[in-house]
Amino acid sequence: MADSLLFNPRTYDPAHFDPETRRLLRATVDWFEERGKRRLIEDYRTRAWLADFLAFAAKEQLFATFLTPASAAGGHPGKRWDTARIAALNEILGFYGLDYWYAWQVTILGLGPVWQSGNAAARARAAELLSQGEVFAFGLSEKTHGADIYSTDMLLEPDGEGGFRATGSKYYIGNGNAAGLVSVFGRRTDVEGPEGYVFFAADSRHPAYHLVKNVVDSSKYVSEFRLEGYPVRAEDVLHTGRAAFDAALNTVNVGKFNLCTASIGICEHAMYEAVTHAHTRVLYGRPVTAFPHVRRELTDAYVRLVGMKAFSDRAVDYFRSAGPDDRRYLLFNPMTKMKVTTEGEKVVDLMWDVIAAKGFEKDTYFAQAAAEIRSLPKLEGTVHVNLALILKFMRNHLLDPVAYEPVPARPDAADDDFLFRQGPARGLGSIRFHDWRPAFDAYGHLPNVGRFREQADALCAFVATAAPDEVQSRDLDLLLAVGQLFALVVHGQLILEQAALRGLDEDVLDELFAVLVRDFSGYAVELHGKDSATAEQQRWALDAVRRPVVDAARSERVWQRVEALSGAYEMTP
């Protein structure tokens, strides 16, 4: 029997979406299944460009339908920017291969500055390119500076006719080999400071656009390109001044959210392979899954994956319900980029410990999953950057809640237009949050939710009485340990909110929180060992360590769910 908590192509029917969304998602699954596993793996191993997939997407108008906001759709009834269905497609593409997801993901990033722009001509051009099946690119990062947009060396010199000539290089730019439109960030040579920033649209086919190379050994074309006197006309300018800076950061808010659901898809496919292999392999006269440590590792992997899905699904609701007076999504965004993707690494590692050498075999999906799952936490500023960002919200979230109307589940067919009018990318410290405690109260009868709640309350006391002082606040090594503790509380909160909306199995939920209790204890011990931790902080850290509540019957019931994954799905050969 199929597990209702995991994506399974054999039984997938996204009936909660409108008919056209449902058709497109199912058509995408069918395209991959008809292509088959051998071809999928061979394309991955030979680093083949994704021409066949992009031809399919163009024929079905997949990108055009999902990535054209209603304001640019010309009245087309199916086109809208709908974060719920975008997340669903992320999961499907991750399930079949990160290369496919990447071409789609960087198209989303390339479109971000365009859809935020008031340039009607550029918006119309982008909508037409999408309808033609073109992909897009986001020209922000540079070889020397990375994504440090304060230091861009893409220089725009006025041409005396109202336009510019752009010269400079960009690095780590997905789809840079084929993009019909590249959103490029640079700065004017005649204007100092932030007012000199410019976002403009470039065409990768223009003779002044020079493709240098693919910087990775992959089907993903992560390009280095150089502009040499590229003519930037007035109609190519998307943003100027501080608005260009805001467009860069707000695009990341929209686009990098997709990392979480791609990670989920990878883990799901790998889990079917891993459980099936382990359960059908016999060692010393017993199936591998008869060994207690194997059951524990696979169960931990399963409940972590369920937690990843629950958190990400709930975060979608906050993105879709956001507005000028509700920017809570700006916490949940780095959480999805950091916490969910690092959970994905743990899930794959747990399964890999079980299947061992099988995870290296070239005819498995798992081999590419083990490689690609590493990239997702590193595709947006590394875990450390996102943890530092998360810390900006900690005090308000834990200690100073305000009243909000409850955010409902949001699978509805609505256009998420606020994401393209987010406004200035500042003021994070003033964002307020609803009280996190009621989500825990609703499941306080579960032993490990109660145990974790004790740890969360302890963290509140830490922030109130033993928080890092002024000197320690410059010790990023210490702060990152605190950030991990806070991230766990937010992670648990949204999981519980989603559990209440969806009716998540309570055995699975309690087993998951047993894992989170262990995680919190581990990070508390890590904080205890930091060089600059004070005696008071060290005492707090050891006092926050808890042992999960053990329930053999509960663990056995969850194991039965994991065991049932054996043979539940295998990709068409």
Side-chain angles (χ1 to χ4, degrees), residues 102 105-106 109-110 112-113 136-158 164-179 181-204 206-218 220-232 236-253 255-256 259 334 337-338 374-389 425 474 476 480:
Y102 186 74
Q105 155 71 3
V106 292
L109 291 171
F136 291 67
F138 185 52
L140 186 69
S141 296
E142 298 179 11
K143 188 172 186 178
T144 304
H145 308 296
D148 177 7
I149 55 181
Y150 294 100
S151 305
T152 179
D153 289 329
M154 176 63 71
L155 303 179
L156 285 79
E157 184 175 350
F164 304 93
R165 293 282 175 174
T167 298
S169 296
K170 293 291 181 179
Y171 202 76
Y172 292 138
I173 311 303
N175 291 350
N177 61 316
L181 187 153
V182 186
S183 297
V184 183
F185 185 85
R187 59 185 173 90
R188 297 173 56 162
T189 59
D190 61 328
V191 177
E192 294 293 327
E195 295 306 318
Y197 294 138
V198 179
F199 241 127
F200 63 95
D203 185 344
S204 69
H206 194 282
Y209 180 106
H210 303 283
L211 185 64
V212 179
K213 62 180 178 180
N214 187 355
V215 304
V216 299
D217 186 17
S218 170
K220 292 184 285 294
Y221 205 103
V222 187
S223 70
E224 177 184 5
F225 71 80
R226 180 168 181 81
L227 303 184
E228 293 281 2
Y230 186 98
V232 180
D236 297 325
V237 175
L238 303 172
H239 302 274
T240 60
R242 293 181 182 273
F245 179 91
D246 291 336
L249 297 184
N250 290 337
T251 293
V252 169
N253 292 338
K256 297 291 185 159
L259 300 170
K337 292 185 294 183
M338 181 281 295
R374 311 286 170 214
S375 65
L376 289 164
K378 302 166 183 65
L379 281 177
E380 167 45 29
T382 76
V383 169
H384 310 99
V385 169
N386 285 295
L387 272 173
L389 178 58
R474 295 190 290 273
L476 189 57
L480 293 178

For Glu228, enumerate each residue passing the side chain to side chain donor-acceptor pair (under 3.5 Å) test, keeping only those at least two apart in sequence or located in another chain.
Arg226
Among residues at least two apart in sequence or on other chains, which ones pass side-chain contact (heavy atoms from CB on, under 4.5 Å) with [X]?
X      : value
Asn250 : Gln116, Asp246, Asn253, Gln422, Ala425
Val191 : Arg188, Glu195
Tyr221 : Trp49, Asn177, Leu211, Asn214, Ser223
Val232 : Leu156, Phe164, Ala166, Phe200, Tyr230, Asp236, Val237

Closest heavy-atom pair, Ser183 versus Gly110, reported as atoms and distance to 0.1 Å, is OG-O, 2.6 Å
If I compare all heavy atoms of Thr189 with all of Pro158, which pair ends up nearest, and what's the gap?
OG1-CD, 3.7 Å
Are [X] and [Y] packed together at the side-chain level, in the sense that at least one heavy-atom pair is separated by less than 4.5 angstrom?
X      : Y      : value
Thr167 : Leu155 : no
His210 : Leu227 : no
Pro334 : Lys256 : no
Val106 : Phe136 : no
Tyr197 : Thr240 : no
Met154 : Val184 : yes

With sequence neighbours excluded, residues passing ring-ring contact (aromatic ring centres under 6.0 Å, His included) with Tyr209:
Phe225
Inter-residue atom distance [X].[atom1] - [Y].[atom2], 0.5 Å rounding:
X      : Y      : atom1 : atom2 : answer
Glu157 : Arg165 : CD    : CZ    : 10.0 Å
Lys220 : Tyr102 : NZ    : OH    : 8.0 Å
Leu376 : Met338 : CG    : CE    : 14.0 Å
Leu109 : Asn175 : CG    : CG    : 10.0 Å

Can you give me every donor-acceptor pair (side chain of residues 137-146, partner residue at least two apart or in another chain, under 3.5 Å) with its distance?
{"unit_1": "Glu142", "atom_1": "OE1", "unit_2": "Asp153", "atom_2": "N", "d": "2.9"}
{"unit_1": "Glu142", "atom_1": "OE2", "unit_2": "Thr152", "atom_2": "OG1", "d": "2.5"}
{"unit_1": "Glu142", "atom_1": "OE2", "unit_2": "Asp153", "atom_2": "N", "d": "3.2"}
{"unit_1": "Glu142", "atom_1": "OE2", "unit_2": "Lys170", "atom_2": "NZ", "d": "2.8"}
{"unit_1": "His145", "atom_1": "NE2", "unit_2": "Ser151", "atom_2": "O", "d": "2.9"}
{"unit_1": "His145", "atom_1": "NE2", "unit_2": "Asp153", "atom_2": "OD2", "d": "2.8"}

Side-chain (His239) to main-chain (Val198) donor-acceptor, under 3.5 angstrom:
no
